[in-house]
Trainee: 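A single structure is presented below for examination.
These numbers were taken from a predicted model, which means no experiment stands behind them. FYI, the numbering just counts along the sequence from 1.
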Amino acid sequence: MEPDSRFAEFVAERGDALLRYGYVLAGNPHDAADLVQEALVKLRAAWPRLRSKDNPESYARTTMARLHIATWRLRRREHLAWALPEGEHHDALPAGDERDLWQALAGLPRRQRAVVVLRYYEQLTDSEIAAVLGISRGTVRSQVSRALDKLRAALPPPGEPVPDRQLHPHAGRGEAR
């Protein structure tokens, strides 16, 4: 492949925005960086045909969303090892209401988080989300509905503190709401 200065300019200009998008999708900076890197590799391979007619950032974001869902599907089939990691690592979260929202968003299942991000962060329609994720429009609507119900349950009205038990994805199973 010959070097293309326009591709390098695109990465320099939009790389940070793609990384933020990856963070919103994946919920952590390490997976976000992996998503961006994999998407840029695919974008670079498709660059000669994309640079003149399509929006390369849209291609990269769609690729990232598909990679995120593919990873989720792959991990769903993995068998967990008996040995647990030695310690936990938690990324620093913003303070206040924004922190509470990030924690509640991180508690959503991967597909629900992806649908919420695509709808409210990317502002895609149900049809566009269905095409990106390879699911039906009805599944998109039901996943958004379930995700919003979980977020509403985890986030109290503004100004009230968030109880820790509501942020854990398995907390409160079987309890009345």
Trainee: Got Arg14 and Arg61 here, is their nearest side-chain heavy-atom distance under 4.5 Å?
Mentor: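 Arg14 reaches Arg61 side chain to side chain.
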Trainee: Decide side-chain contact (heavy atoms from CB on, under 4.5 Å) for Arg113 and His68; before the verdict, give the C-alpha distance in whole Å, the side-chain angles of both, and the deciding distance to 0.1 Å.
Mentor: CA-CA 10 Å; Arg113 184 171 57 234; His68 173 70; 4.2 Å; yes
Trainee: For residues Val115 and Val140, report the shortest heavy-atom separation together with the two atoms involved.
Mentor: CG1-O, 3.7 Å
Trainee: Is the closest side-chain heavy-atom distance between Leu133 and Leu118 below 4.5 Å?
Mentor: yes
Trainee: Which pair of non-hydrogen atoms, one from Ala32 and one from Ala26, has the smallest distance, and what is that distance?
Mentor: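 Closest approach of Ala32 to Ala26: N-CB, 4.0 Å.
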Trainee: Begin with the C-alpha distance, continue with both residues' side-chain angles, and end with the deciding distance and a verdict on side-chain contact (heavy atoms from CB on, under 4.5 Å) for Thr63 and Leu43.
Mentor: CA-CA 8 Å; Thr63 300; Leu43 176 63; over 6 Å; no
Trainee: Assign the ring pair Trp47 / Phe10 to parallel, tilted or perpendicular, where the plane angle (0 to 90°) is split at 30° and 60°.
Mentor: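 Rings of Trp47 and Phe10: tilted, as their planes differ by 30° to 60°.
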Trainee: Find out whether Pro109 and Gln143 are in side-chain contact, i.e. whether some heavy atom of one side chain is under 4.5 Å from a heavy atom of the other.
Mentor: no
Trainee: To check you understand the geometry: which heavy-atom pair defines the closest contact between Val116 and Ala147, and what is its length?
Mentor: CG2-CB, 3.4 Å
Trainee: Do Thr139 and Ser136 pair up side chain to side chain, a donor and an acceptor below 3.5 Å, judged on atom types alone?
Mentor: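 Short answer, yes.
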Trainee: Looking only at heavy atoms, which two atoms of Leu105 and Leu151 are closest? And how far apart?
Mentor: N-CD2, 3.8 Å
Trainee: How long is the gap from OG on Ser142 to CZ on Arg137, to the nearest 0.5 Å?
Mentor: 13.0 Å
Trainee: Mind running side-chain contact (heavy atoms from CB on, under 4.5 Å) on Tyr21 and Val36 for me, showing each step along the way?
Mentor: CA-CA 9 Å; Tyr21 175 64; Val36 171; over 6 Å; no
Trainee: Supply the atom-to-atom distance Asp31 CG to Leu67 CG, rounded to the nearest 0.5 angstrom.
Mentor: 11.5 Å
Trainee: How far does CZ of Arg146 sit from NZ of Lys150, to the nearest 0.5 angstrom?
Mentor: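 One finds 8.0 Å between CZ of Arg146 and NZ of Lys150.
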Trainee: Under a 4.0 Å threshold between the charged nitrogen and the carboxylate oxygen, would Arg152 count as salt-bridged to Asp149?
Mentor: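 Yes.
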Trainee: So, do Tyr23 and Trp102 have ring centers that fall under 6.0 Å from each other?
Mentor: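 Yes, ring centres under 6.0 Å apart.
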Trainee: Kindly indicate whether the side chain of Asn55, heavy atoms from C-beta on, has any atom under 4.5 Å from the side chain of Tyr59.
Mentor: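 They are not in contact (no side-chain heavy atoms under 4.5 Å apart), so the answer is no.
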Trainee: Spell out, as yes or no, whether a donor-acceptor pair under 3.5 Å connects the side chain of Arg66 to the backbone of Val132.
Mentor: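 Confirmed, Arg66 side chain pairs with Val132 backbone.
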Trainee: From Leu108 CG over to Gln103 CD, what is the distance, rounded to the nearest 0.5 angstrom?
Mentor: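 Going from CG on Leu108 over to CD on Gln103, the span is 12.5 Å.
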Trainee: How far does CE of Met64 sit from CD1 of Ile69, to the nearest 0.5 angstrom?
Mentor: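 So the gap between those two atoms works out to 12.5 Å.
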Trainee: Could you check whether Lys42 pairs with Glu38 (Lys NZ or Arg NE/NH1/NH2 to Asp/Glu carboxylate O, under 4.0 Å)?
Mentor: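 No.
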Trainee: Going by heavy atoms in the side chains, are Leu148 and Tyr120 under 4.5 Å from each other?
Mentor: yes
Trainee: Check whether any side-chain heavy atom of Leu18 sits under 4.5 Å from a side-chain heavy atom of Leu40, and report yes or no.
Mentor: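 Yes - at least one pair of side-chain heavy atoms lies under 4.5 Å apart.
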